[in-house]
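Here the structure comes first, spelled out in structure tokens, and everything after it is commentary.
Below, chains carry the letters A, B, ... as their sequence lines are ordered, and counting in each starts from 1. All of these numbers come straight from a predicted model, not from anything done at the bench.
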Amino acid sequence: MITVNNLVKLFGTKRAVDGVSFTVERGEVLGFLGPNGAGKSTTMRMITGFIPPSAGTVSVGGHDVQEDPIAAKKLIGYLPENAPAYTDMTVFSFLHFAAELRGLRGDEKKNAVNRVVEMCFLGGVLHQSVETLSKGYRHRTCFAQSIIHNPDVLVLDEPTDGLDPNQKHEVRQIIKRMGEKKAIIFSTHILEEVEAACSRAIIIDRGKIVANGTPGDLKAMSEWAGAVSLRVRGASPAVVRAKLSDMGGAKKASADEEGAAVRARVYPSKPGNRDLARAVAELAARENWKVEELHVEEGRLDEVFRNITLPDTVKEAKS
Amino acid sequence: MSCSKTWRHIWTVTKRELTGYFASPVAYVFIVIFLLMNGFFTFMLGGFFERGEASLTSFFMWHPWLYLFLVPAAGMRLWSEERRLGTMELLLTMPITPWQAIVGKFVACWLFLLLALVLTCPLVFTVMYLGSPDKGAILSGYFGSFLLAGGYLAIASMTSAMTRNQVISFILSVVICFFLILCGWEPVTRLLVNWAPEWLVRAVASFSVMTHYLSMQRGVIDSRDLIYFASLIGFPLFCTGVILRGLRS
Ligand SMILES: Nc1ncnc2c1ncn2[C@@H]1O[C@H](COP(=O)(O)OP(=O)(O)OP(=O)(O)O)[C@@H](O)[C@H]1O
Ligand SMILES: [Mg+2]
């Protein structure tokens, strides 16, 4: 549904977006990650046709956004960053306005407004002026606007920004549910959201895509992925570390005191070694360690994110 | 895109803009000030009664000056507010063309000014009661005044697209409108005549709203005046589109 081809955006001499290409098919939810100023919002603005690209093309549902903007825009629902809304309107009239611009009339319009009011829990503030809404409610109002015409493509710039935990959960559920039939791109700074709602994630840094894969793929890039974590009693950290490091299939191991017990972690020498956990358990039994906890680490997105996007200078300074 | 759809989009934008005006007290305050100022100029400065004639000359003659401040005040928020709130991003990613948005917003503000203008009708009744005025001149006077407001408003639309600061937008449009008055105002043209060739004076004066406005006040609707006002509205609106396009790239 969405094809982005070699997209470039220059602001002056600054390359805010620098050769980004990807596609999103119907039934996919693409999470867009990246540090502040990476170019996420700029990319989304080009996809929705708000700003023209300096180079490259975007097509939505087969319509080139530059050549045939109206046809492309019809397919898109867009929640801009910071959820702008007309402050001199009520929620009710704002939603009606959006529905009318989307070409909905009469009963169709009424039903559409009722549907999104229910979905986004706006019933209580329906006749309140947008100006006096709390941030979360304003966000929900703008989100409601983006789904009012049940679009095939949704572009959401930080849809859960400013929402309370319940609403965050609700919006993720909505995204996930709608993602089965639509093509959705959303940007976020909350990594759990990617795991909760995305079928694929892209990490973008300084205008370039630096990682692209399923949340599982990304997590597997973590050095923690596949590591076995355990907590034992009955041995000193030094002994545990030595024994674990000498095990076959282990690259290195760490062990530290944690209260009266020892917290240890073994990293596999090659990724995807499923036997490591069993080997560790057997070793513990042989050594008579009392195992309190043992599990295989999945890898953590925040660690992967940090590793990929920290500027090299910072990385060097840290190591 | 079919024609009716275009108008429907424009009308949707217009309707939103109009409801926005009347949601706040600003619209009512504006209308009251408009009427008070009109009364003041017509009766105190224009010498409505002293003229001893049944006409609205003393009413219409001040409009270029009155509008100089009131119309930019009404139009200064057209696009600057849209930029400040970020709703421009919303509006321009809807399936409408930028022209539909520009025209829709312009028409809303123009209709609002028309409403203010229509509310001066008690004056017409007064003149009709006092004597038998030339009804054609009154009609064409109103029409000219309406076109004049449209011209100023188009300029205000352009300057409001330039900046998200309403004050700057206001000042810019006042300056431009002031220039358009001055270049055909008699005291200024008299100054010019002394050293500039005749054709230049006339060319400069033909850019002025005064020349065209005054001829409509005399009850003559000349196609040249209509073309002038059409371009006075069209060109700044076109510039608004160009500026908005430039902003986004
Ligand atoms: N209109 C503009 N003029 C000049 N530079 C801009 C403009 N818009 C964005 N930029 C620059 O482009 C870069 C990318 O900005 P963008 O808003 O896309 O980042 P982002 O990934 O959305 O960041 P965040 O997570 O903070 O929302 C930034 O360095 C920003 O300063
Ligand atoms: Mg952003």
Side-chain angles (χ1 to χ4, degrees), chain A residues 9-11 41-42 44-54 60 63 65-66 68-90 92-94 96-105 109 129-131 138 141-142 145-146 148-149 151 155 157, chain B residues 1-2 4-28 30 77-101 103-105 108-109 112 164 166 241-249:
Chain A
K9 183 70 198 178
L10 298 167
F11 288 116
S41 303
T42 308
M44 291 185 156
R45 288 187 180 128
M46 288 190 279
I47 294 172
T48 54
F50 181 59
I51 55 178
S54 306
V60 175
H63 306 284
V65 173
Q66 287 305 302
D68 193 359
I70 302 294
K73 285 172 182 177
K74 269 187 188 155
L75 298 176
I76 305 176
Y78 179 37
L79 169 66
E81 196 170 28
N82 299 325
Y86 289 101
T87 49
D88 51 13
M89 298 177 100
T90 63
F92 181 79
S93 51
F94 178 68
H96 273 261
F97 169 64
E100 271 174 44
L101 279 186
R102 294 299 186 175
L104 301 174
R105 288 290 178 282
K109 177 171 79 172
S129 147
V130 170
E131 183 152 36
R138 208 189 59 209
T141 305
C142 200
Q145 161 279 130
S146 72
I148 200 156
H149 54 308
V155 179
D157 204 344
Chain B
M1 170 148 317
S2 74
S4 76
K5 233 181 192 165
T6 302
W7 286 108
R8 217 153 67 175
H9 286 152
I10 292 177
W11 179 239
T12 304
V13 175
T14 302
K15 227 170 37 180
R16 192 222 74 77
E17 195 74 11
L18 276 176
T19 32
Y21 291 166
F22 290 102
S24 77
V26 177
Y28 304 98
F30 180 91
R77 60 190 290 289
L78 272 180
W79 285 99
S80 45
E81 179 81 350
E82 201 87 29
R83 288 182 60 184
R84 196 176 60 80
L85 290 176
T87 43
M88 192 169 99
E89 191 167 351
L90 214 56
L91 189 60
L92 297 184
T93 51
M94 288 287 178
I96 62 173
T97 65
W99 299 116
Q100 291 164 357
V103 172
K105 286 173 81 73
C109 201
F112 173 69
R164 64 184 68 208
Q166 297 191 5
V242 172
I243 292 167
L244 289 182
R245 207 183 156 73
L247 276 183
R248 293 186 284 142
S249 55

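Interface residue Ala98(A): backbone and side-chain heavy atoms are both found under 4.5 Å from chain B. Proximity to chain A is absent for every atom of Ser24(B), based on heavy atoms less than 4.5 angstrom apart. When heavy atoms are compared at a cutoff of 4.5 Å, Ser54(A) does not approach chain B at all.
Ranked by heavy-atom pairs shorter than 4.5 Å toward chain B, the options Phe50(A), Tyr78(A), Phe94(A) are led by Phe50(A).
Of all non-hydrogen atoms in Ala108(B) and Leu18(B), the two that sit nearest each other are O-CD2, 3.4 Å.
Proximity of Met88(B) to Leu247(B): side-chain heavy atoms (C-beta onward) are separated by under 4.5 Å at one or more points.
Between Phe30(B) and Tyr21(B), the distance from one ring center to the other does not fall under 6.0 angstrom.
With Met44(A) as the fixed residue, the side chain to side chain contact (heavy atoms under 4.5 Å, CB included) test singles out one of Asp157(A), Ile51(A), Leu79(A): Asp157(A).
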